[in-house]
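Remarks on the structure that follows.
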Amino acid sequence: MKALIEKRNDLIEEMEGLVAVAQKESRSLATEEVARVTEVRTEIANIDATLKLEEETRAMTKPVVVEPTEVELRAQALEKEERAFVAYIRGDQSAETRAALSVGGQGVVIPKAIAAKIVDKVVNLSPILGEVEMYNFKGDLVIPTYDYTQHIPAGYYTEMAVITGSNADFGSVTLTNNIVVALSLISKSLINRADVDVVPFIVNAIGKALAHFLERELVATGTGAGKLNGLATIAAGQITGGATTLVITPQELINLQLKVPQSMQGGAKWLMHPTTYGYLAGLTAGAGNNTLLLGNNLAEGTGFSLLGKPVLLSDNMPVIAVNALEIFYGDFSGVSMKIVKDVEIQVLNERYADTYSVGVLASLEADAKITEPQKFVAYKGK
C-alpha cells in the first residue's frame, strides 16, 4: 500500500508539471501532453480504487469485538460468585475468594447470588408466601392501612342542605426485623466431589427449612412481639365459629365465603390443611346418597377448588380440631410480609469436623402483619 501511495504522488507531480510548463510558455497542452495527462488521471483513479478495496478488505477481515450485554455481565459475576462460594465452603480463605463474597467478620458471608436464590426458593416452596404482599426492604417498614368499614360514604344531595363530611380512618403497621435462622449440614465428601454442583443442594436445604418455618409462622403460630404476626392474629369480627364440634357443613362454608366484600372477591382463595380439604371434598348427602355435596373436579386437571375458588393446601395449617382456625378464605394480599434478600451465611467448619461435614448457617430478617383485615376471614372449629 505504501508503494501505491508513493506512485500516486509521483503521478500527480508529473501531471502538475506538464500543466505548469504549458502555463509558463503561455500555450495550451500539446496533443501528446493531453494524452499523457489522460493516462495519468486514469492510472490515479485505478490506484484510488485499489487502495479503497484494500481498506475494505482489511476492515472485513478484522475481528469484530462484541461487548457483553449487561445481562451477560451480571451472569458472569453471579457465576464467579458461586464458584467463590463453593471454594469458600471447601476451606479456601484466600483474599480473592473473600473479596468475591463480601466476607465480613467471624466468617459471615453475604453471597448476593446465593441469597437471592434462597429467597426465591423460599417463596416458591410455599403457596401462601406467594400470595401475600411481599416487600424486600432493609430496616423498619411503615405501611399505611385503611379501615374499609369506615370508608367515606356517598349519597344523594338535597339542594340548600348542609353536607356533613367524614374522614377516612387511616392507620399504619410497622414491619420490623425478626432474625430467622436455618442450619444445614453438608457432607464433606459431597462438597469435595468435582462432578457435583453443591450450590443447588445448599439452596434447596436452606430454602426448605426457611419456607417451612416462615409458612408455619404465617398461617398458624406467629403471634406476639418478636415474631411474625400472620393469619392467626385475625380479628374476632372476621372469624366464623362452627356450630357443631368437629363438623363443617357446606352452608357454613358458603356463609364464610360471603363475609368477604364482593369488591375483594376477585383474588380470593381458600387455605386449609390437606386433611381438611379431603374431609370437605368427601362430604355426601348421606342416608344412602353418595352424591358429593361440593362436587368433584378431579377429572378436570385444574387443581383443587372449592365453591368456585382455588384452594391452597398447607401442612402447617391446623387440622380439624376444637377451637382451631381450620380454614381461611379471602385475598391474602391483605397480609404484608418483609424479607430482606441479603441473607447472611456463616460456614462452620470446625464445629462439625468430627462428623466429616460442614455446617452452613443462614440468617435473614423477616416480619409479617395483617394490613388489610377486611380482605379475608377465618373459620374456627367448635
Step by step, would you call L271 with S314 a side chain to side chain contact (heavy atoms under 4.5 Å, CB included)?
CA-CA 7 Å; L271 175 65; S314 170; 4.1 Å; yes
Using the rule that Ile, Leu, Val, Met, Phe, Trp and Tyr join whenever any side-chain heavy atoms are under 4.5 Å apart, tell me whether [X] and [Y] fall into a single cluster.
X	Y	result
L283	I248	yes
I143	I339	no
I118	V199	yes
V21	V34	no
M317	V335	yes

Identify the two heavy atoms, one from [X] and one from [Y], that lie closest to each other, and give their separation to 0.1 Å.
X	Y	result
V122	G207	CG2-O, 3.7 Å
L228	A366	CD1-O, 3.9 Å
E33	A30	OE1-N, 2.8 Å
E215	I128	CG-CG2, 3.7 Å
L210	A182	CD2-CB, 3.7 Å
I186	L190	CG2-CD2, 4.0 Å

Tell me, please, which residues at least two apart from [X] pass salt bridge (Lys or Arg N to Asp or Glu O under 4.0 Å).
X	value
K7	E43
E54	none
E252	none

Which value, rounded to the nearest 0.5 Å, describes the distance between [X] atom [atom1] and [Y] atom [atom2]?
X	Y	atom1	atom2	answer
N316	L214	CG	CG	10.0 Å
R8	T50	CZ	OG1	11.5 Å
I370	L231	CD1	CG	6.0 Å
I47	I5	CD1	CD1	10.0 Å
N46	L51	CG	CG	11.0 Å
N204	K121	CG	NZ	4.0 Å

Any Lys/Arg nitrogen of [X] or [Y] sitting under 4.0 Å from an Asp/Glu carboxylate oxygen of the other?
X	Y	answer
E79	R83	yes
E55	K52	no
K375	E133	no

Exam field: side chain [X] to backbone [Y], donor-acceptor pair closer than 3.5 Å:
X	Y	result
Y277	L312	no
T233	G230	yes
K227	N178	no
K369	T174	yes

Atom [atom1] of [X] with >12 non-hydrogen neighbours under 6.0 angstrom:
X	atom1	result
K259	NZ	yes
K188	NZ	yes
E13	CD	no

Testing the 3.5 Å rule here: is there a donor-acceptor pair between the side chains of K338 and N177?
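The answer is yes; a qualifying pair exists.
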Close side-chain approach of [X] and [Y], heavy atoms under 4.5 Å:
X	Y	result
V180	L364	yes
K309	K269	no
L183	L348	yes

Take H273 and L313 through the side chain to side chain contact (heavy atoms under 4.5 Å, CB included) test and state the conclusion after the steps.
CA-CA 5 Å; H273 192 278; L313 301 179; over 6 Å; no
Exercise answer: donor-acceptor pairs, residues 235-244 side-chain atoms, under 3.5 Å, sequence neighbours excluded:
residue	atom	partner	partner atom	Å
Q238	NE2	P373	O	3.0
Q238	NE2	F376	O	3.0

Residues 350-362 side chain polar contacts: donor-acceptor under 3.5 Å, at least two apart:
residue	atom	partner	partner atom	Å
T355	OG1	Y352	O	2.8
T355	OG1	S357	OG	2.5

Here's a test for you: under side-chain contact (heavy atoms from CB on, under 4.5 Å), which of T276, L280, L256 qualifies with W270?
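The single option meeting the side-chain contact (heavy atoms from CB on, under 4.5 Å) with W270 is L256.
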Can I get a per-line list of side-chain donor-acceptor pairs under 3.5 Å for residues 320-331, giving both atom names and the distance, sequence neighbours left out?
residue	atom	partner	partner atom	Å
E326	OE2	A321	N	3.0
Y329	OH	Q257	NE2	3.3
Y329	OH	Q265	OE1	2.5
D331	OD1	S333	N	3.0
D331	OD1	S333	OG	2.9
D331	OD2	S333	OG	3.3

Run Y279 and V247 through side chain to side chain contact (heavy atoms under 4.5 Å, CB included) and show every step you take.
CA-CA 10 Å; Y279 166 84; V247 173; 3.9 Å; yes
Would E81 and F85 count as a side chain to side chain contact (heavy atoms under 4.5 Å, CB included) if you check the C-alpha gap in whole Å, the side-chain angles of each, and the deciding distance to 0.1 Å?
CA-CA 6 Å; E81 187 183 64; F85 179 68; 5.6 Å; no
